[in-house]
Amino acid sequence: QVQLVESGGGLVQAGGSLRLSCAASGRTFSNHAMGWFRQAPGKEREFVSAITWSGGTYYADSVKGRFTISRDNDKNTVYLQMNSLKPEDTAVYYCAGRNWGAIATTAGGYDYWGQGTQVTVSS
């Protein structure tokens with residue numbers, strides 16, 4: 001099965017930026033839609049952004065204009081550029097993939113997941 005590994009999380013001040021990466025291995029990658037989710041303590045896993053196999057994108061309202069998802073199929077990697085970070089963005093961020101080319105916005109729509117990377121935004 002596909003394996004996903006996230007990296008790039010860390011501690012940043014409000015207004016700062018981080019770039020998350022998700023490296024995939026094990027199967028063909030380019031025809032899979034990919035997504036980013038996040039989960040804060042005591043809260044449900046929340047959809048953040050997704051990208052189709054061909055590069056179409058979708059964002060949760062809470063991150064529109066601040067986050068950008070992209071993919072480099074030659075490197076089997078998906079990115080999430082996060083700008084103008086807010087304390088409410090603090091969460092563990094998970095990369096996910098699905099065995100389909102179209103976007104899904106619920107966790108149940110994805111077939112495999114990374115281990116997560118912590119993002120902490122200080123006030």
Side-chain angles (χ1 to χ4, degrees):
Q1 63 184 44
V2 173
Q3 296 179 333
L4 303 176
V5 179
E6 302 97 332
S7 62
L11 175 64
V12 65
Q13 293 182 330
S17 298
L18 285 172
R19 189 192 193 200
L20 306 184
S21 298
C22 173
S25 63
R27 284 172 50 188
T28 301
F29 172 80
S30 62
N31 63 340
H32 290 187
M34 305 294 295
W36 287 95
F37 289 75
R38 64 189 183 186
Q39 189 165 21
K43 297 184 179 180
E44 295 184 353
R45 191 163 296 188
E46 175 189 21
F47 172 78
V48 176
S49 184
I51 186 166
T52 70
W53 72 271
S54 59
T57 60
Y58 184 78
Y59 299 91
D61 287 343
S62 59
V63 305
K64 285 181 179 177
R66 300 189 298 121
F67 291 11
T68 303
I69 190 171
S70 61
R71 66 192 299 162
D72 186 338
N73 290 338
D74 290 337
K75 297 181 178 179
N76 289 336
T77 302
V78 179
Y79 304 96
L80 185 68
Q81 178 67 46
M82 305 186 295
N83 298 326
S84 301
L85 283 162
K86 305 174 181 179
E88 51 263 45
D89 294 319
T90 296
V92 177
Y93 282 70
Y94 296 91
C95 178
R98 66 194 306 253
N99 294 320
W100 199 250
I103 286 170
T105 58
T106 60
Y110 290 83
D111 301 299
Y112 44 92
W113 295 80
Q115 82 289 347
T117 186
Q118 177 71 47
V119 172
T120 302
V121 184
S122 62
S123 301

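Just so it is clear, the values below take in all heavy atoms, side chains as well, and ignore hydrogens, waters and symmetry mates.
Thr90 and Glu88 share no donor-acceptor pair across their side chains, judged by distance under 3.5 Å alone.
Partners of Tyr110 according to the ring-ring contact (aromatic ring centres under 6.0 Å, His included) rule, which considers only residues two or more places apart in sequence or in another chain, are Phe37. Val119 pairs by the side chain to side chain contact (heavy atoms under 4.5 Å, CB included) definition with Leu18, Leu20, Met82, Tyr93, Val121, not counting sequence neighbours. Partners of Tyr94 by side chain to side chain donor-acceptor pair (under 3.5 Å), not counting sequence neighbours: none found. Partners of Ser84 according to the side chain to side chain donor-acceptor pair (under 3.5 Å) rule, which considers only residues two or more places apart in sequence or in another chain, do not exist here. Residues that satisfy the side chain to side chain donor-acceptor pair (under 3.5 Å) test with Arg19, not counting sequence neighbours, are absent from this structure. Remark: Ala23 pairs with Thr77 by the side chain to side chain contact (heavy atoms under 4.5 Å, CB included) rule, at least two apart or across chains. Residues passing the side chain to side chain donor-acceptor pair (under 3.5 Å) test with Ser17, sequence neighbours excluded: Asn83.
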Anything under 3.5 Å between a donor and an acceptor, one on a side chain of residues 58-65, the other on a protein residue two or more places apart or in another chain? List them.
residue, atom, partner, partner atom, Å
Tyr59, OH, Ile69, N, 2.9
Asp61, OD1, Lys64, NZ, 3.1

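Remark: Ile51 CD1 to Ser49 OG distance equals 7.5 Å, nearest 0.5 Å. The structure places CE of Met34 at 12.0 Å from OG1 of Thr52, a figure rounded to the nearest 0.5 Å. Atom-to-atom distance recorded for Lys86:NZ and Ser123:OG is 13.0 Å, nearest 0.5 angstrom.
Val5 belongs to no hydrophobic cluster, as no Ile, Leu, Val, Met, Phe, Trp or Tyr side chain comes under 4.5 Å of its own. Counting Ile, Leu, Val, Met, Phe, Trp and Tyr side chains that sit under 4.5 Å apart, directly or through other members, Tyr79 stands alone, with no cluster partners.
A chain of hydrophobic side-chain contacts below 4.5 Å, direct or via other Ile, Leu, Val, Met, Phe, Trp or Tyr residues, connects Leu80 to Val2.
Proximity of His32 to Tyr112: side-chain heavy atoms (C-beta onward) are separated by under 4.5 Å at one or more points.
Identified under the disulfide (SG to SG under 2.5 Å) test for residues 41-123, with sequence neighbours left out: Cys22-Cys95. For residues 109-123, there are no salt bridge (charged side-chain N to carboxylate O under 4.0 Å, His left out) pairs, not counting sequence neighbours.
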